[in-house]
There are 2 protein chains.
Amino acid sequence: MITISKNNRQIIHDILKCLPIFSDLFDEQLNKISAICKIQDFQKNDTIFLEGDYYKGFFIIIEGSIKIFKISVDGKESILHLLKPYESFGDVPLFEGAKYPVNAQALNDASLIFIPKEEFITLIKSNSTICFNMLVGFAKKMRHLTQKVEELSSKEVMNRFAGYLLDEINKAGTDKLPEPFLRITISKKNIAAYIGTITDTLSRLLKKLQDEKIIRVSGKSIFILDLKKLKALAR
Amino acid sequence: MITISKNNRQIIHDILKCLPIFSDLFDEQLNKISAICKIQDFQKNDTIFLEGDYYKGFFIIIEGSIKIFKISVDGKESILHLLKPYESFGDVPLFEGAKYPVNAQALNDASLIFIPKEEFITLIKSNSTICFNMLVGFAKKMRHLTQKVEELSSKEVMNRFAGYLLDEINKAGTDKLPEPFLRITISKKNIAAYIGTITDTLSRLLKKLQDEKIIRVSGKSIFILDLKKLKALAR
DNA sequence: AACATCCTTTGACTTAAGTCGGATTTGTCA
DNA sequence: TGACAAATCCGACTTAAGTCAAAGGATGTT
């Protein structure tokens, strides 16, 4: 963890300015926030918080990617969100409950801004801009979860995996290429848990898609050979 | 739909005062809101909005219960929320998107407050109290959806149904009785779609629970004979 | 380089839960 | 009251996807 010096305070201020949640704020307001938050660094696979941990505050990602997940009684892991820079997590208990309701773990080395609960609540109770920005963030996550619920209850694993691949080539910006592709940056175990299945099944899906010449796998990259068929599979 | 008269305006004002989303507001602020909203009445099975409809605004339930659901390409219905008085719905697109992302339907005769988008956005942009209250509401729904995702991806239908029964006896307040019970107020089709299955399967679950003397069904009521076993099933 | 650990793949097997067709039951309205 | 439609239930069948065990690969550590 980085010690907060005056110099550092300026860095935080500049970072905050770029975050969606703090956009449209005056410098004066940004200063109030930068005064209460800390930068925390984590290494790959580090736990950030565990379900049931006493709630202290929430995080915003500066660098790295974070996995938000639950573990069921019989040990099955389901991943709710895979988050990237500028996204926040652990913000729900600001308004509901006194404990973290999920687990958060760094998928690679990560730099996060930590914002403590009490101070932040005091601050936003009289700041409609931050509240409004947070509502936008919450709305996005609600959409995401809603889609997940629908997919899990009415689609089969192959449909969900095809949807995942399409999402990923969009994020990668390769969806307009003649041969769209994506790079596998997380373990297959994580991908499986994200689409609601297990590695064994995912492995079989990959094989099937390759057999049907819909994708081509080369090292850590997956190339889409037949986008039309893939879209049909995603429905 | 009720025509808005002066008298009616006062009624709306009084209703608004009781809603979580508008708690802690001054009378003056409540007046501004009551000035822009309308009461709309719906009959059982009426559609309130459909997925893809152009977004006009959101609703708060005064009376009745509302089902929020999606229909998949192959016609399967998955229910995301079953909402009761004082809860709001259709508020996500205030902050994300220009269309309703889900369907809403009245499960029985219902009375709703409708709040139009543009006017409301203008109003809350400078009102941190309403924003904060909305964040609380969003947080609750996020919790609910998160739990649904976890259940759908790591539990079996019986576990989810047992969980549903436990939730219902809690809501009914009968959970401390020697023989907790709940009343079936919605069709089994709806219950099935809510727990992510079909009526045939639900029918078999009910039979199995009766055979094992865990529940007793009498007309529209389900009595819990063995709460301990039911809790074990819900895990 | 060697070791251990984790990740991934694969085949054989099992099973939960969906599909389908048809039989009942229930509710609704003329 | 009758009769039509909708909701519910049930048995027979099918299948997607999970479990289990075992074998390869990959990765990192000392």
Side-chain angles (χ1 to χ4, degrees), chain A residues 43-46 67 72-79 105 107-109 151-164 183-212 215 217-222 233 235, chain B residues 43-45 67 72-79 105 107-109 151-164 183-212 215 217-222 233-235:
Chain A
Q43 293 193 307
K44 184 174 174 172
N45 295 328
D46 276 357
K67 143 172 124 176
S72 69
V73 269
D74 50 334
K76 233 183 269 175
E77 172 183 308
S78 32
I79 299 181
Q105 187 187 13
L107 287 180
N108 36 45
D109 292 358
E151 285 182 354
L152 285 167
S153 45
S154 69
K155 291 184 181 179
E156 307 192 334
V157 183
M158 180 58 101
N159 308 131
R160 304 199 296 264
F161 182 49
Y164 170 80
R183 312 213 86 240
I184 304 285
T185 55
I186 59 177
S187 69
K188 300 228 168 109
K189 209 172 151 187
N190 278 330
I191 297 178
Y194 185 64
I195 61 171
T197 186
I198 54 174
T199 50
D200 308 35
T201 299
L202 178 59
S203 183
R204 286 179 189 119
L205 295 180
L206 276 165
K207 199 178 175 218
K208 200 173 175 202
L209 288 177
Q210 287 178 86
D211 288 349
E212 294 178 8
I215 65 170
V217 178
S218 165
K220 291 272 173 214
S221 296
I222 298 179
L233 277 178
R235 293 190 304 177
Chain B
Q43 292 192 308
K44 182 172 177 175
N45 294 328
K67 140 173 124 175
S72 70
V73 269
D74 50 333
K76 231 182 268 174
E77 171 182 309
S78 32
I79 298 181
Q105 186 186 15
L107 287 179
N108 35 44
D109 291 359
E151 286 182 354
L152 285 168
S153 45
S154 69
K155 292 184 180 177
E156 306 191 336
V157 183
M158 181 58 102
N159 308 131
R160 304 200 297 267
F161 182 49
Y164 170 80
R183 313 213 86 238
I184 305 283
T185 56
I186 59 177
S187 69
K188 300 226 167 107
K189 207 173 154 188
N190 278 329
I191 297 178
Y194 186 65
I195 62 172
T197 187
I198 53 174
T199 49
D200 307 36
T201 300
L202 178 59
S203 181
R204 285 177 190 120
L205 295 180
L206 276 165
K207 200 180 173 215
K208 199 171 175 202
L209 288 177
Q210 287 178 85
D211 287 351
E212 293 177 8
I215 65 170
V217 178
S218 165
K220 291 274 170 212
S221 295
I222 298 178
L233 276 178
R235 293 192 305 177

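Throughout, protein chains are lettered first and strands after them, A, B, ... in sequence-line order, and every chain is numbered starting at 1.
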Approximate separation, where rounding is to 0.5 Å, of B:L202 CG and B:R160 CZ: 11.5 Å
Please write out the pairs of protein N or O atoms and N or O atoms of nucleotides 23-26 of chain D separated by less than 3.5 Å, giving the distance to one decimal.
none

Is a donor on one side and an acceptor on the other found under 3.5 Å between the side chain of B:N108 and the backbone of B:K44? no
Rounded to the nearest 0.5 Å, what separates atom NZ in B:K220 from atom OG in B:S218? 11.5 Å
What integer distance in Å separates A:N45:CG from D:dT29:C1'? 15 Å
Considering the terminal five base pairs at each end of the helix from C:dT8-D:dA23 to C:dA30-D:dT1, what angle separates the two local helix axes, rounded to 10°? 40°
Reported OG1-to-CE distance for the pair A:T201 and A:M158, which is rounded to 0.5 angstrom: 11.0 Å
Only counting residues at least two apart or in another chain, list the ones meeting salt bridge (charged side-chain N to carboxylate O under 4.0 Å, His left out) with B:R204. none
Just how far, in rounded Å, is P of C:dG18 from NZ of B:K189? 15 Å
Distance check needed: D:dA16 C1' versus A:L233 CG, whole Å only. 15 Å
If I take atom OG from residue B:S153 and atom CD from residue A:E151, how far apart are they, to the nearest 0.5 angstrom? 12.0 Å
Measure the distance from CZ on A:F161 to P on D:dA16 and round it to the nearest whole Å. 18 Å
If you round to the nearest 0.5 Å, how far is OG1 of B:T185 from CG of B:L107? 8.0 Å
Please state how far atom CG in B:N108 lies from atom P in C:dG27, giving the value in whole angstrom units. 16 Å
What's the CD-C1' distance between B:Q210 and D:dC10, to the nearest Å? 14 Å
How many Å lie between CG on B:L205 and P on C:dA17, as a whole number? 8 Å
Candidate list B:L209, B:L205, B:D211, test side chain to side chain contact (heavy atoms under 4.5 Å, CB included), partner B:K207, passing option: B:D211
All salt bridge (charged side-chain N to carboxylate O under 4.0 Å, His left out) counterparts of B:D74, not counting sequence neighbours: A:R235
Could you please name the option among C:dT19, D:dA17, C:dC7 that lies closest to any side-chain atom of A:V157? D:dA17
Can you list, pair by pair, the side-chain donor-acceptor contacts under 3.5 Å of residues 186-197 of chain A, counting residues two or more places apart and other chains?
| from | atom 1 | to | atom 2 | distance (Å) |
| --- | --- | --- | --- | --- |
| A:S187 | OG | A:N190 | N | 3.2 |
| A:S187 | OG | A:N190 | ND2 | 3.4 |
| A:N190 | OD1 | A:K67 | NZ | 2.8 |
| A:Y194 | OH | A:H144 | NE2 | 3.0 |

Identify which nucleotide among C:dA16, C:dG18, D:dG18 has an atom closest to any side-chain atom of B:E156, counting heavy atoms from C-beta outward. C:dA16
What are the atom names and distances for every N/O pair under 3.5 Å that joins the protein to nucleotides 9-11 of chain C?
| from | atom 1 | to | atom 2 | distance (Å) |
| --- | --- | --- | --- | --- |
| C:dT9 | OP1 | A:K188 | NZ | 3.0 |
| C:dT9 | OP2 | A:S203 | OG | 3.4 |
| C:dT9 | O5' | A:S203 | OG | 3.2 |
| C:dT10 | O4 | A:D200 | OD2 | 3.3 |
| C:dG11 | N7 | A:R204 | NH2 | 3.1 |
| C:dG11 | O6 | A:R204 | NH2 | 2.8 |

Is the side chain of B:N159 donor-acceptor paired with the backbone N or O of B:A234 at a distance under 3.5 Å, no angle test? no
To the nearest angstrom, how far is A:R160 atom CZ from D:dG18 atom C1'? 12 Å
